[in-house]
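What you are looking at is a predicted structure, and each value in this text was computed from that prediction instead of being measured. Remember, it's 1-based here, ligands and their atoms both numbered in the order they're listed. Values below: all heavy atoms of this structure, side chains included; hydrogens, waters and symmetry mates excluded.
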Amino acid sequence: MTSAPLLPLQQTWPDDLVARYRAAGHWRGETFPAFLRERAARFGQRTAIVDVEQRWTYAQLLERAETIAAGLLALGLQRGDRVVLQIGNVPEFYGVAFGLFLAGLVPVYALPAHRITEISHFVRKSQAVAYVALQQYDNFDYRTLARELQAQERALKHVVILGEDAAEFTPLHSFEPNAALLPTQDPDPQSVAFLQISGGSTGLSKLIPRTHDDYLYSVRASTEICGIGDDSRYLVALPAAHNFPMSSPGALGALYAGGTVVLSRSPLPEKAFELIERERVTDLGLVPPLALLWAQAASQTRRDLSSLRVLQVGGAKLTSEAARRVIAVFQCQLQQVFGMAEGLVNYTRLDDDEDTILHTQGRPISPDDEVLVVDDQGDPVPEGQSGYLLTRGPYTIRGYHNDDAANARSFTADGFYRTGDVVQRTAKGYLTVQGRANDHINRAGEKISAEEVEDQLLAHPQVFDAAVVSIPDDALGERICAFIIPRGEKPRGPALKAWMRTRGLAAFKIPDQVVFVDAFETTAVGKTSRKELRARLRSVFLREQAAATSPSTPTP
Ligand code: OOB
């Protein structure tokens with residue numbers, strides 16, 4: 001069998017917009033390889049990245065990246081090849097990512113929580129020829145995943161493992177520097193630098209092609225808005241591969257400005273507070289449930305957190321009450337961040353009044369971000385009213401990779417991205433997120449497609465039908481609730497969850513709660529859309545929960 005031809009990676013804007021974004025100075029022809037080389041020359045001996053075990057200077061980061069680039073090219077990888085990267089919060093995450101950039105290879109950023117189902121989907125969709133992973137992270141052995149992956153994905157040619165025992169795979173530590181192998185020419189700034197993963201509103205995650213020029217514009221502008229400089233020490237407590245701690249302003253913002261990236265393996269306060277004290281961390285980003293957990297811990301800690309300057313919260317809605325609690329505890333500036341891997345990022349500004357910081361999710365980065373708030377017919381709604389958020393601009397994609405169906409759904413004819421978010425916009429252009437238009441669940445910042453979880457559940461022999469919905473949750477923001485019509489003997493909730501775990505799927509997608517029902521109510525004509533069904537199940541459940549007279553028995 002011959003393998004399918006490699007689909008080109010592309011992300012193109014119409015000529016008039018290209019001209020406009022260049023003329024405005026947003027797109028400056030910056031590329032990742034040039035960025036790293038320039039910073040290594042300028043900040044060589046300063047600390048670029050630090051974690052509990054290691055401390056890398058800018059010069060060392062470049063050296064590591066060059067060695068990894070040479071090692072990958074020596075294996076036979078070709079310019080433009082895609083490489084799925086699954087590395088947790090260790091300095092090598094950046095060593096490998098920059099190594100791929102220097103080699104002209106294209107990283108596909110998986111999260112450590114992803115399992116075989118997600119990873120093989122990324123490999124297939126991106127046509128990746130290599131998988132680079134950490135041997136072990138968070139008590140999970142990625143060599144096991146790599147074995148399954150190789151068995152399933154015959155087109156995957158290489159597995160590189162970072163750790164002491166790479167087993168039958170190529171050890172990352174065996175790579176040798178070889179300057180002669182590295183490309184001498186920088187990539188085209190308008191070419192795709194990497195593939196980011198979408199939160200996934202329907203089905204499995206989509207691949208998001210971001211160009212050097214567009215992404216580095218968002219990084220540069222974010223450093224300015226967030227006040228990041230060469231004295232900033234930015235803590236990555238969320239997964240490093242996620243767009244928020246990567247670029248808003250994230251680790252890349254810190255490196256862009258000559259600051260230091262501090263990596264925490266755990267997002268929990270105990271470990272992170274130790275690092276904040278030791279490294280005098282100035283900036284960091286959290287999702288709302290963590291921010292609340294940190295606020296509680298901070299009020300009792302003996303650690304010195306006085307170096308903190310800006311605490312960002314984003315990824316899911318921070319309610320104004322939660323924002324108040326965070327402000328009351330941390331003696332630093334709160335910044336709300338409403339962003340998406342597809343592009344658009346909104347920030348409250350550091351000098352905004354308290355009302356704006358408490359009640360809005362900020363305004364767009366760029367004067368060239370076009371934002372529409374529209375009704376069901378696509379017509380703009382009056383200011384202050386709720387509508388669907390559509391956007392296009394100098395760092396928002398115009399299409400997903402290798403997914404015509406998603407592109408037809410997610411983009412308008414004139415190139416606006418349908419974010420799926422319902423928002424209100426103030427006179428000053430600030431946005432308040434009201435919720436989602438589609439059925440994705442935002443569980444502590446992790447985005448989960450209801451459809452994807454339903455699909456998994458339907459594979460169980462004792463599941464006749466399943467509908468998955470989000471239920472408001474004090475700790476998580478939203479939790480996953482699965483309504484199930486059993487087939488034959490009713491399975492037990494915990495057993496069903498345990499079975500889901502064996503499916504090789506990220507743990508955050510496993511329902512928190514399972515509710516068995518006899519039937520799904522249908523409309524008079526006897527049919528119903530999944531969307532309506534989910535909405536009805538959710539509202540009935542919430543009503544019953546409020547009345548505490550639920551006839552169904554939720555399992556823990
Ligand atoms: C960030 O990116 P993604 O791609 O994981 O998720 C994007 C979606 C948004 O469409 C929205 O539904 C939700 O996450 N979201 C928020 C939010 N920030 C993101 N919903 C309410 N309030 C917020 N502040 O999550 C992301 C990317 C870059 C920076 C920050 C977050």
* To do: From the options Tyr347, Tyr417, Phe244, select the one whose nearest heavy atom is closest to atom 30 (C) of ligand 1.
  => Phe244

* Among protein heavy atoms, which lies nearest atom 11 (C) of ligand 1, and at what distance? -> Asp421 OD1, 3.2 Å

* Asked: Hey, is Glu446 close enough to Lys509 for a salt bridge, meaning N to O under 4.0 Å?
  -> no

* Asked: Can we say Asp368 and Arg20 salt-bridge, meaning some charged N sits less than 4.0 Å from an Asp/Glu carboxylate O?
  -> yes

* Structure fact -> If you scan protein heavy atoms around atom 24 (N) of ligand 1, the nearest is Val337 O, 2.8 Å

* To do: Would you check whether Arg436 reaches within less than 4.0 Å of ligand 1, judged by its heavy atoms?
  => yes

* salt bridge (Lys or Arg N to Asp or Glu O under 4.0 Å), paired with Asp512, selected from Arg479, Lys497, Arg443 -> Arg443

* Measure from the side-chain N and O atoms of Glu454 to the backbone N and O of Val468, and report whether any donor-acceptor pair falls under 3.5 Å. => yes

* Among Arg309, Arg233, Gln335, side chain to side chain donor-acceptor pair (under 3.5 Å) partner for Asp283 -> Arg309

* Who gets closest to atom 6 (O) of ligand 1 by heavy atom: Lys447, Met340, Gln434, Lys317? -> Lys447

* Asked: Atom NE2 in His26, atom OG in Ser366: separation rounded to 0.5 Å?
  -> 3.5 Å

* **Which of the ligand 1 atoms, numbered from 1, are nearer than 4.0 Å to a heavy atom of Gln361** => 22 (N), 24 (N)

* The single option from Arg363, Gln336, Arg349 passing side chain to side chain donor-acceptor pair (under 3.5 Å) against Tyr430 -> Arg363

* Who's the nearest protein heavy-atom neighbour of atom 4 (O) of ligand 1, and how far? -> Ala341 N, 2.9 Å

* **atom 18 (N) of ligand 1 [closest protein heavy-atom partner, distance rounded to 0.1 Å]** => Gly315 N, 3.0 Å

* To do: Provide the number and element of each atom of ligand 1 under 4.0 Å from a heavy atom of Asn243.
  => 27 (C), 28 (C)

* Asked: Can you find a non-hydrogen atom of His242 under 4.0 Å from ligand 1?
  -> yes

* Of Thr260, Leu305, Leu235, which is the lone residue that meets side chain to side chain contact (heavy atoms under 4.5 Å, CB included) with Val281? -> Leu235

* Can Asp369 and Tyr395 be said to form a side chain to side chain donor-acceptor pair (under 3.5 Å), step by step? -> CA-CA 8 Å; Asp369 280 321; Tyr395 60 97; 2.7 Å; yes

* Asked: Is there any N or O on Gly314 that sits under 3.5 Å from an N or O of ligand 1?
  -> no

* Structure fact -> the protein heavy atom lying closest to atom 23 (C) of ligand 1 turns out to be Ala316 O, 3.4 Å

* Structure fact -> For atom 1 (C) of ligand 1, the closest protein heavy atom turns out to be Gly339 O, 3.3 Å

* Structure fact -> Note: ligand 1 atoms sitting under 4.0 Å from heavy atoms of Ser248 are 28 (C), 29 (C)

* Which of the numbered atoms in ligand 1 are below 4.0 angstrom from a heavy atom of Asn442? -> 13 (C)

